[in-house]
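Contents: one structure, followed by commentary.
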Amino acid sequence: RHTWKNFVCIGRASELLMEEMRELLREVQQTIGYRYIKFHGLLSDDMRVCQRNNQGEIVYSFILMDKAIDFLLSIGLKPLIQLSFMPDVLAKEPPRTVFNFRVNEPKHLDEWAALVRATTLHFIDRYGKAEVENWPFCVWNEPDTPSDLMFGFENAKDFYPFYRETYRAVKECS
């Protein structure tokens, strides 16, 4: 049993758009053949998923996300969909960062849930329900780590409703 071949990890979702990373992952897949890949920041600003237009309305663009996921599937890797990190337009305190990640709670939980729902429905529409149901989903990264140390929320009581609403938003889609 080669359980170590289940997961490989890279840093950020945006790195999947770099040809150097793609070459490396192609070689890793040809040599080892992992099943899943984990990465951070699928919803971060560098992926340009969530913006506000001139009227202040939230608009979504899945172009960069699609390029990343399309590439992964083309080399036989399934993504672990880590629903992180908070886009600035939804963040409670946009300037807060850890290692260049925007690690923030949402200002309005309903806007976050709408983003998660739209993302999940987009995946189902583009890749099919049967495919997407084979992808693991997780909420955030290390939410229980104290916020002054890593990616955590201000307190655990703030994380529980966030987790519940994120979970519901995904489950409503399938």
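On a predicted model such as this, the values are computed, not experimentally measured, just so you know.
A side-chain N or O of Ser174 and one of Glu133 form a donor-acceptor pair less than 3.5 Å apart.
Within the model, atoms CG of Leu25 and CD1 of Ile37 stand 4.5 Å from one another, a figure rounded to the nearest 0.5 Å. The CG atom of Asp125 lies 11.5 Å from the SG atom of Cys173; values are rounded to the nearest 0.5 Å. Distance CD/Gln51 to CG/Asp88: 9.0 Å, rounded to 0.5 Å. Separation of atoms CE (Met65) and CZ (Phe123) is listed at 4.5 Å; rounding is to 0.5 Å.
Put simply, the side chain of Val170 does not reach to within 4.5 Å of the side chain of Ile81, judged on heavy atoms. The shortest side-chain heavy-atom distance between Val8 and Lys38 does not fall under the 4.5 Å cut-off. The closest side-chain heavy-atom distance from Leu43 to Phe85 is not below 4.5 Å. In this structure the side chain of Trp112 reaches within 4.5 angstrom of the side chain of Thr166, judged on heavy atoms. Considering only heavy atoms from C-beta on, Val139 comes within 4.5 Å of Phe162 through its side chain. The shortest side-chain heavy-atom distance between Leu115 and Pro87 falls under the 4.5 Å cut-off.
Look at Glu131 and Arg126 and you find no salt bridge, because none of the NZ, NE, NH1 or NH2 atoms lies under 4.0 Å from a carboxylate O. Remark: Glu165 does not engage Arg117 in a salt bridge, criterion side-chain N to carboxylate O under 4.0 Å.
Taking the centre of each ring, Tyr127 and Trp135 come in below the 6.0 Å mark.
Under the 4.5 Å side-chain heavy-atom criterion for ILVMFWY residues, no single connected hydrophobic cluster contains both Met86 and Val59. In the hydrophobic clustering of this structure, Leu73 groups with Met47; members are Ile, Leu, Val, Met, Phe, Trp, Tyr whose side-chain heavy atoms approach within less than 4.5 Å, directly or through other members. Side-chain heavy atoms closer than 4.5 Å link hydrophobic residues (I, L, V, M, F, W, Y) into clusters, and following such links, even through other members, never connects Leu121 to Leu64. Residues Leu80 and Phe137 do not share a hydrophobic cluster, clusters being chains of Ile/Leu/Val/Met/Phe/Trp/Tyr side chains in contact below 4.5 Å. When hydrophobic clusters are built by joining Ile, Leu, Val, Met, Phe, Trp and Tyr residues whose side-chain heavy atoms come closer than 4.5 Å, directly or via intermediates, Val116 is grouped together with Tyr160.
Using cut-offs of 30° and 60° on the angle between ring planes, the pair Tyr34 and Trp4 is perpendicular.
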Practice item. Please step through side-chain contact (heavy atoms from CB on, under 4.5 Å) for the pair Glu15 and Phe39, ending with a clear verdict. Key: CA-CA 9 Å; Glu15 292 171 8; Phe39 46 87; over 6 Å; no
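Side-chain N or O atoms of Lys5 include one that pairs as donor or acceptor with a backbone N or O of Ile32 at under 3.5 Å. Side-chain atoms of Asp46 never come within 3.5 Å of backbone atoms of Ser14 as a donor-acceptor pair (strictly under, hydrogens ignored).
Other residues, nucleotides and ligands place no more than 12 heavy atoms under 6.0 Å from the CD atom of Glu27. The number of heavy-atom neighbours closer than 6.0 Å to OH of Tyr36, taken from other residues, nucleotides and ligands shown, is above 12. Applying the 6.0 Å contact sphere to OH of Tyr163 captures no more than 12 heavy atoms from other residues, nucleotides or ligands. Summarising the local packing, CZ of Arg52 is surrounded by more than 12 heavy atoms from other residues, nucleotides or ligands at distances under 6.0 Å.
Cation-pi contact between Arg22 and Phe71: present, with separation from the ring centre below 6.0 Å and deviation from the ring axis of at most 45°.
Contacts of Gln55 classified as side-chain contact (heavy atoms from CB on, under 4.5 Å), with partners at least two apart in sequence or in another chain: Asn53, Glu57.
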